[in-house]
Amino acid sequence: MRRVIVAVSIAAFTALLAYATTVAGALGYLGLETRALARMFLALAYNPNLRELTAMSPAAVAAIVWDFRGVDTLYETVVFYMAIISALAIYRGVHKVGGGGSVGLSLIVRVVTKLLIPMNIAIAVSIAVHGHLTPGGGFQAGATLAVVSVLLAVVYSVNSFSRVGVEVSKAVALQSTGLIAIAAVVFTPLIYGVLTGAQAYLMQNYVKVDSGFHFPAEVLGQLISGTLIWLNIAEFLAVSFGFFTVFMLLSLREEVVKQPLLGEGHGS
Amino acid sequence: MRRYVPVALLVFVVYIVFSGSVSPYDIVIGAVLAVAVSALTTRFLVSDGGKALSLRRLANLVKYALYYLTVAEFKAHSLVIRIILSRDMPVRPAIVRVPYRAKNPYTIVGSANSITNTPGTVVVDLDTGRSVFYVHWIRAVGLDPETTYREILKVFEEGLSKVFE
């Protein structure tokens, strides 16, 4: 009886979903029609003829997340950083991850993983530095690179981190470098405005109606889309090493973590 | 110094292929990245620069790849196809011990993956202390180490030894 109910409910849900998305058009426009909002973004993402409105990036999503709603992305990055700071606060006193004798999974998995890691880094960097041209960007690239930390923890064991020179303090330093670089890009127009007396806006990418300030959209004929390339690279550092930090801390065994934490709690 | 070349080449090629672009922008970034990643990871990947850049070994690798992808795969597939199509299903499944002689991890892993990728045999585990693979064999014609080595591993290990050992 239970099975019948489950089967009927799955069938009913599938049919309803199919009906809603096709006949009833619950998702709105399906097919070749483009919504007015989408048309606007497509027209403005990269448009050298509309200098005051464009983000100078053919990757419409990158144009939206780092220019049209750039401040929103900035705050998302801050929230992410706050989460990492919280993790570091909880794990205070835990400086070194690794150092035991365990060697992880079998030789076959270890050798194949070892070969995959340099390729993983190459792909992550490619996603980051093409974020202003193709789908991808700093966050996606950071998540890709963070896979390396998970591979190290699972395939080579937690003990491998200190052996290969990956340390929490280094990861935090690299993450902070990324965040400082983001801040530098954000404040550059402000500093320019203060120094020259010209009109410029925080996090400004390209020229505006009342401001001639802009980051270079092209260098030696290569489109770099103003702030977008720098924000993507900086976000790549911040996100990947933020994840590195958290994954390293989360992979620790309870007794390793408890020792420094309880030591502090007992006032020693 | 020569040690660092193979990883740098690998990273550069992967970067360019994944990016799908040979613009000056990508060539410069790819080159810088290749140098940086190679400097960081070569010590885990390459122990002998001379071996890694030997053209004779590269030729042996190409030869092995061609042999493996054509002859070895064809033989293994035809055996399994014959088993599937025959009326009485002549299988004799067993997990057998296959001793290996290689010392280099790349030879060991390459042999193990060659065995697994041909139908009919799968490496289910390995014991590096005793230098044996545990292989699931769909038609075990013998269980003694000489037979299993000759039937399952010999050609793979000999081919790969000329590349890595």
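Below, read A as the first sequence line, B as the second, and so on, with proteins coming before strands; counting in each chain starts at 1. Note that the structure is a prediction, hence the values are computed from the model and not measured.
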### Query
Which is it for B/V109 and A/V112 under the side-chain contact (heavy atoms from CB on, under 4.5 Å) test, yes or no, and what are the steps along the way?
CA-CA 8 Å; B/V109 173; A/V112 173; 4.0 Å; yes

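- The stretch residues 121-142 of chain B participates, sequence neighbours left out, in these ring pair (Phe, Tyr, Trp, His ring centres under 6.0 Å) pairs: B/Y100-B/F133.
- At a 4.5 Å heavy-atom cutoff, the contact between B/V7 and chain A is made by side-chain atoms alone.
- Of the residues listed (B/T116, B/I108, B/V123), the one engaging A/I108 in a side-chain contact (heavy atoms from CB on, under 4.5 Å) is B/V123, and it is the only one.
- Both the backbone and the side chain of B/S19 have a heavy atom closer than 4.5 Å to some heavy atom of chain A.
- Residues of residues 122-133 of chain A lying under 4.5 angstrom from chain B, judged on non-hydrogen atoms, are A/A122, A/I123, A/V125, A/S126, A/I127, A/V129, A/H130, A/H132 in numerical order.
- Of the two parts of A/V164, the backbone and the side chain both hold a non-hydrogen atom closer than 4.5 Å to a non-hydrogen atom of chain B.
- Of residues 150-165 of chain B, no residue lies under 4.5 Å from chain A by any heavy-atom pair.
- Heavy atoms of other residues, nucleotides or ligands lying less than 6.0 angstrom from CZ of B/R57 number more than 12.
- Heavy-atom distances place no part of B/D125 under 4.5 Å from chain A, backbone and side chain included.
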Name each donor-acceptor pair under 3.5 Å that joins a side chain in residues 113-120 of chain A to protein atoms two or more places apart or in another chain, with its distance.
{"residue": "A/T113", "atom": "OG1", "partner": "A/V109", "partner atom": "O", "Å": "2.6"}
{"residue": "A/K114", "atom": "NZ", "partner": "B/F44", "partner atom": "O", "Å": "3.1"}

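- The local environment of CG in A/L220 is sparse, with at most 12 non-hydrogen atoms from other residues, nucleotides or ligands closer than 6.0 Å.
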